Asker: 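One structure follows; several queries about it will come next.
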Amino acid sequence: MAVIAKFENVTKSYHINEIQIPVLKNINFEIESEDMVAFVGPSGSGKTTILNLLGCLDKPEKGNIYIEKELINNYNKNTLADLRNQKIGFIFQSFNLIPVLSAYENVEFPLLLENIKNKKQREDMVREILRKVGIEQLKDRLPTHMSGGQQQRVAIARALVKKPIIILADEPTANLDSKTAGEILDLMRHMNESLKTTFVFSTHDPKIMSFAKRLVTLEDGNIVKDERK
Ligand code: ADP
Ligand code: MG
């Protein structure tokens, strides 16, 4: 398997007023393509910080971050945004759909940002992924008229529509009941297998932990366990 992301001695602190709060302390790991990796650990252990760094939303203080073979540390905002648009999809705990747009329009949105101007091409891409995540029949609904599970399916379709190499999912089941969470996980597993998309989760959910192929445990900004199942 190819390595599609790598952290090398990554350190990150936040600064509040004059006070430095160390959050990641010399973190090292590689993510292999087609894997399903879950970062677990108590609240405040640095899971979201790792996903933000992987997602090129933030920069490390020290150390190197590679996406595929590219060292991204010194990229400027625009280059990082391009990289993010081309290679990375995001799924959030609170779905983060645009409330005034239908399911279809939410999924189409990243294609508009990417300047895919051909309407028919966009339509083919959106319809294909809506069908794959099982919500083609809901395409005209607004998010407020959908259940949590349906909204998360739209969010998964939106994350996948541009065929990213990696999906970053920050506590994706935290706002779902247990049965729906199970269905959403089955869907992600299916997408992992059929589209070969790599998934990286942060989670507290024992279901995701038993589901992931690899578990990386964080404690106080350190990796204390890294196990493959
Ligand atoms: P987790 O996702 O595991 O709960 P986070 O990565 O969100 O942990 O946070 C790790 C630590 O960094 C926590 O102590 C949190 O309070 C702190 N932190 C996170 N984001 C910021 C920020 N933007 N400014 C200051 N401190 C932050
Ligand atoms: Mg978090």
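One-based numbering, in listed order, for ligands and for the atoms of each. Small disclaimer: the values here were computed from a predicted structure and weren't measured. Hydrogens, waters and symmetry mates play no part in the numbers below; they use all other heavy atoms, side chains included.
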Asker: If you define the side chain from C-beta out and look only at heavy atoms, does anything of T203 sit under 4.5 Å from M209?
Answerer: yes
Asker: Starting from atom 12 (O) of ligand 1, find the nearest protein heavy-atom neighbour and note its residue, name and distance.
Answerer: V23 CG2, 3.2 Å
Asker: In residues 133-145, what donor-acceptor pairs under 3.5 Å come from side-chain atoms, sequence neighbours left out?
Answerer:
{"from": "R141", "atom 1": "NH1", "to": "H145", "atom 2": "O", "distance (Å)": "3.2"}

Asker: Check the side chains of Y75 and E70 for a donor-acceptor pair under 3.5 angstrom, ignoring hydrogens and angles.
Answerer: yes
Asker: If we only count N/O pairs under 3.5 Å, is G46 in contact with ligand 1?
Answerer: yes
Asker: Yes or no: does G221 have any heavy atom under 4.0 Å from an atom of ligand 1?
Answerer: no
Asker: What is the nearest protein non-hydrogen atom to atom 25 (C) of ligand 1, stated with its residue, atom name and distance?
Answerer: Y14 CB, 3.4 Å
Asker: So, 4.0 Å and heavy atoms of G41: is ligand 1 close enough to count as a contact?
Answerer: no
Asker: Measuring from the heavy atoms of S202, does anything fall under 4.0 Å of ligand 1?
Answerer: no
Asker: Report yes or no: do I166 and V161 belong to one cluster of Ile/Leu/Val/Met/Phe/Trp/Tyr joined by side chain heavy-atom distances under 4.5 Å?
Answerer: no
Asker: Determine whether I165 and S33 make a side-chain contact, defined as any pair of heavy atoms from C-beta on separated by less than 4.5 Å.
Answerer: no
Asker: Can you find a pair of side-chain heavy atoms, one from V40 and one from V216, that are under 4.5 Å apart?
Answerer: no
Asker: So which protein N/O/S atoms does the Mg ion (ligand 2) have within less than 2.8 Å?
Answerer: T48 OG1
Asker: For ligand 1, is there an N or O atom under 3.5 Å from any N or O atom of G44?
Answerer: yes
Asker: Check whether the ring centres of F199 and F211 lie less than 6.0 Å apart, and answer yes or no.
Answerer: no
Asker: Mind checking whether L195 and L187 sit in one hydrophobic cluster, side chains of I, L, V, M, F, W, Y counted as touching below 4.5 Å?
Answerer: yes
Asker: May I ask you to list the atoms of ligand 1 that are less than 4.0 angstrom from any heavy atom of P42?
Answerer: 3 (O)
Asker: Quick one: which of N85, I88, T79, I65 gives a side-chain contact (heavy atoms from CB on, under 4.5 Å) with C56?
Answerer: I88
Asker: Looking at atom 15 (C) of ligand 1, tell me if a protein heavy atom falls under 4.0 Å from it.
Answerer: no
Asker: When you measure from the side chain of E105 to the backbone of S102, do you find a donor-acceptor pair of N or O atoms at a distance under 3.5 Å?
Answerer: yes
Asker: Do the non-hydrogen side-chain atoms of I31 and V3 ever get within less than 4.5 Å of each other?
Answerer: no
Asker: Got the closest protein heavy atom to atom 7 (O) of ligand 1, with its distance?
Answerer: T48 CB, 3.6 Å
Asker: Among protein heavy atoms, which lies nearest atom 6 (O) of ligand 1, and at what distance?
Answerer: T49 OG1, 2.5 Å
